[in-house]
Amino acid sequence: MFRTLMLSAAVTASFAGAASAQVVVSSKIDTEGGVLGNLILAVLDHAGIETENRVQLGATPVVRQALVAGEIDIYPEYTGNAAYFFNRAEEPIWRNAADAYAEAKKLDAEQNDLVWLTPAPANNTWGVAVRRDVAEPAGVTTFSQFGQWVAGGGNVKLAASSEFVNSAPALPAFQAAYGFTLSPEQLIVLSGGDTAATIQAASNQTSGANAAMVYGTDGQIAVSNLVVLEDDKNVQPVYQPAPVIRAETLAEHPQIEELLKPVFESLTLETLQELNGKVQVDGLPAADVAQEYLTANGLLK
Amino acid sequence: MRGGIRLLFLPLALSPLLPFAVFRANRIAQGEPRSLVETLGAGPAALAVAALAGGIAALAFARRPAWGAAIAAALILGIVLAAGWGASSLMAGVPTQARVSPGAGFWVALVAAALLLIDALARMRPRPALRLALVGFAVAAGALLLSSGALSQLSVMQEYRNRSAAFWREGASHLWLAFGSFAAAMLAGVPLGIALTRRAGARGSVLGLLTMLQTIPSMALFGMLIVPLGWLAANLPAAHALGIRGIGAAPAFVALFLYSLLPIVANTVAGITGVPRSVTEAADGMGLTRRQRLFHVDVPLALPVIITAARIVLVQNIGMATVGALIGAGGFGTFVFQGIGQTATDLILLGALPTVALASATSAVMDALIGMLPGGAR
Amino acid sequence: MIELRSVSKVYDGVAVVDDVTLTLERGTLTAVVGTSGSGKSTLLRMVNRLVEPTSGQVLIDGAYTAVIAAPELRRKIGYVIQDHGLFPHWTAARNIGTVPVLLGWRRADVRSRVRELMEMLQLDPDVIGPRFPHELSGGQAQRVGVARALAARPELLLMDEPFGALDPVIRAQAQADLHRVQRRLGTTVILVTHDMAEAIRLADRIAVMRAGRIEQFAPPADIIAKPATPFVAELLGEGDRAFRYLSLKPAADVARPDGAAEGAADGPVLPGHATMAEALSEMIWTGRDRVRIANPDGDPGIVTREALIRAGRPE
Ligand SMILES: Nc1ncnc2c1ncn2[C@@H]1O[C@H](COP(=O)(O)OP(=O)(O)OP(=O)(O)O)[C@@H](O)[C@H]1O
Ligand SMILES: [Mg+2]
């Protein structure tokens, strides 16, 4: 499916859409897409740039293709996804934040006339979060510390999907890199489980779970009192969100780059968790959450 | 009420023993069950149980199906109102992020009462006109209930309140997608089917092609349409002005249109070729022209079969339009997929429930229409 | 007058109707008989151009049918088929009015014509008229089919096994109806049938078909008296051809005044139109050798067994 879409994207790219005066702002349909898309939209609107709202447009391949085809002008994308856009998923370059960003920026500039603007210093990658009441006493904030702690007999019980436990780039890669091994008794495998289920398990200590498979910026993490382990040896590809804009649009509105820079720079892992949490946990509309954040932090000048 | 249907009295009578509501600290937290007494308070709970017992007794002695239907409908109304009232009392004095949704007891009672209602209605054997009136009545009652505010503290209604403008906007796009593509498919499919009855040679290949289209998963079909539609939008200013784009409503519309064609074309062909030979021979022998035979004989006689296809297609389109949300077409699917992304069941329900209601109402109306065709039960 | 001139129909290289030439007089009833698949229906359908001849011409009253637009031609020709082919979504009355409506008659005219036809065919217009075909008995549906074919006063009526699906009692009545209607309206009728007795009873002339060709075209008496080929003889049924012959002739032809030389007769008096076959049947059944027959001009006549047996063999 993804492949078909990307293939059509390549074809469509050759006849980019009719330029229109408005900047079409879009994003993915998921929670973070709602937050980031509305942040961009609010900033551009506030700066007096005419926009069209196509936030939460659809799944990743659709949004990406729409951008390449010129049907939308800007949307937030993750650096790690460039690995798939350019069919280079196996390469180690994507595991280093700076390199991954530079590579994605270079490839899209050369091949698609797209510009990657300043990314957020947050990594929404596949990883592990540990209950705060376990991590803090044990002094664990990074995967290296976690590895030592577990290897030294630390009492961990991880809730994860079977895919996370079994697929080579996931848990086995972490275990190899950080020198620890989880015994079957230390794993709660939720077949087909998603991060919502694993976080709930760790949060409610279901079957004694105290750690969970997570995506870094998940809105449930903060309210569930979990802390995300830092992947300090770069085992996983880095997924930093950054606005991607058509070069043509940027040329028309060059101020967009400087308008969005401080906003994305302010979006740390914890900030994104909190904003996502307001949408996901409290059920607030993403547009309100974005507006409130920008106002409260003086980002609408 | 008689026969095996009385077995439903048991779950109905026992439902007060199950948790009536589920309380959650926030919309994705784990739910905590609340009994009927905890939800409504002891006094009102006793009243509710007494009313339920009275309802069951009345059902047991109801001789005419119409009375049974009226009592079952009243029970359903009571159960729903109790849930709305219970939600308000549970929400009193707790933070606004908290959510109350119906619990197992509610669902058991509701499903049992609904089955009793369906049984009673079936035994009433309503004429098509009465069926239409009943659908209209149910829709009106539902609308009144929802707009009265009696249910406003239920979790789904809270989701609605947070995005009421979006709800109606997406509802409008959903209807446009489902019914618009259906109308286009009827306009194209019926004439195509008629043409195929006259060219038996082309029939196999055209139906084969349409069958193949049906087997393409919806997301893949959407993807395949992005290229040609994007090209049209980019190269034909007229197409662009008509709102044709590679993403958004246009590819979803076209995909639903393509999916609709097979049932409509196939049933048109089947309906017309199914007209008895003696009838077509008589029509020709009487001196009807081809056109007269088509409009006075072939199409009227094929109509029940064609409308059956229309019913299938409409219900299918209403369901499938939800997928359009993944390519920016909007519709109730927007809430379903956002809800999945947020693991927020209530948001998923905000998209799913109206879709189901729309599909059921449409299907009931189409059934009544089929029943109203001349020749009755043909 | 209907003329078929060297008419043939070829399907897949096989001539299912093979060089048929026939002339049918105005106001006559012609029966077409023959084994199944001999081309009877095809022949009939070439008259109203439901089937186009491969070669040859059909003329009605001297006009070539091939140059008249088919629907226009068919509206002037009544057509009745075995399964009646009534339109199931229309009432009996609307079915009967089909062709008048197509011809653009005024509504009042259509309505009164429908009543007239239904009364002529003994269908109660107020009871049967509003019914749908699935609410009619086989016999009623069949009569509605005949009424529909006659609605626009066609001068030619084509009937393809119209009574095939009826029980013997209803069939006899339908045949009587047809006879009456045809005589009264002077319609030219072509009737395809499998029932030889029906053909003999109703037809002015019978065309016997075999493998697409006409084996014999003659009045019933001639067909029975002088079958042109062994096939025609076989089709008649050799065992009972004398009875068939007797059934064509009125018993009055051989009646003599009562009290003549042979002595008096008793028993019931047969009606004056009784056939010789009926007279003989009465003798056998009542164990007599003579019966009385009504005579409108005077006392009943006497018919003797000897006279019948003599008359039952053509000279
Ligand atoms: N449309 C057609 N295409 C090919 N063959 C045909 C067609 N119509 C009739 N035939 C063939 O022509 C022959 C004569 O058919 P027709 O219907 O005229 O016979 P029939 O004498 O009416 O028979 P029956 O008494 O069974 O009705 C049959 O062998 C039949 O199979
Ligand atoms: Mg025939």
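Atoms considered below: every heavy atom in the structure, side chains included; atoms not considered: hydrogens, waters and symmetry mates. Given the structure is predicted, the values throughout are model-derived calculations rather than measurements.
Under the 6.0 Å cut-off for aromatic ring centres, C:W90 and C:F132 do not qualify, their centroids lying 6.0 Å or more apart.
In terms of heavy-atom pairs under 4.5 angstrom with chain C, the leader among B:Q292, B:R290, B:R277, B:E281 is B:E281. Taking C:H84, C:E135, C:R45, C:R49 one by one and counting their heavy-atom pairs under 4.5 Å with chain B, the maximum is reached by C:R45.
Between C:D126 and C:R115 there is a side-chain heavy-atom pair separated by less than 4.5 Å. Residues C:L22 and C:E3 have side chains not in contact (no heavy-atom distance under 4.5 Å, counting atoms from C-beta outward).
Only the backbone of C:L86 comes within less than 4.5 Å of a heavy atom in chain B; its side chain stays farther off. The part of C:I77 that comes within reach of chain B is its backbone (N, CA, C, O), which places non-hydrogen atoms under 4.5 angstrom from that chain.
Salt bridge C:D167/C:R171: absent, no basic N to carboxylate O contact under 4.0 Å.
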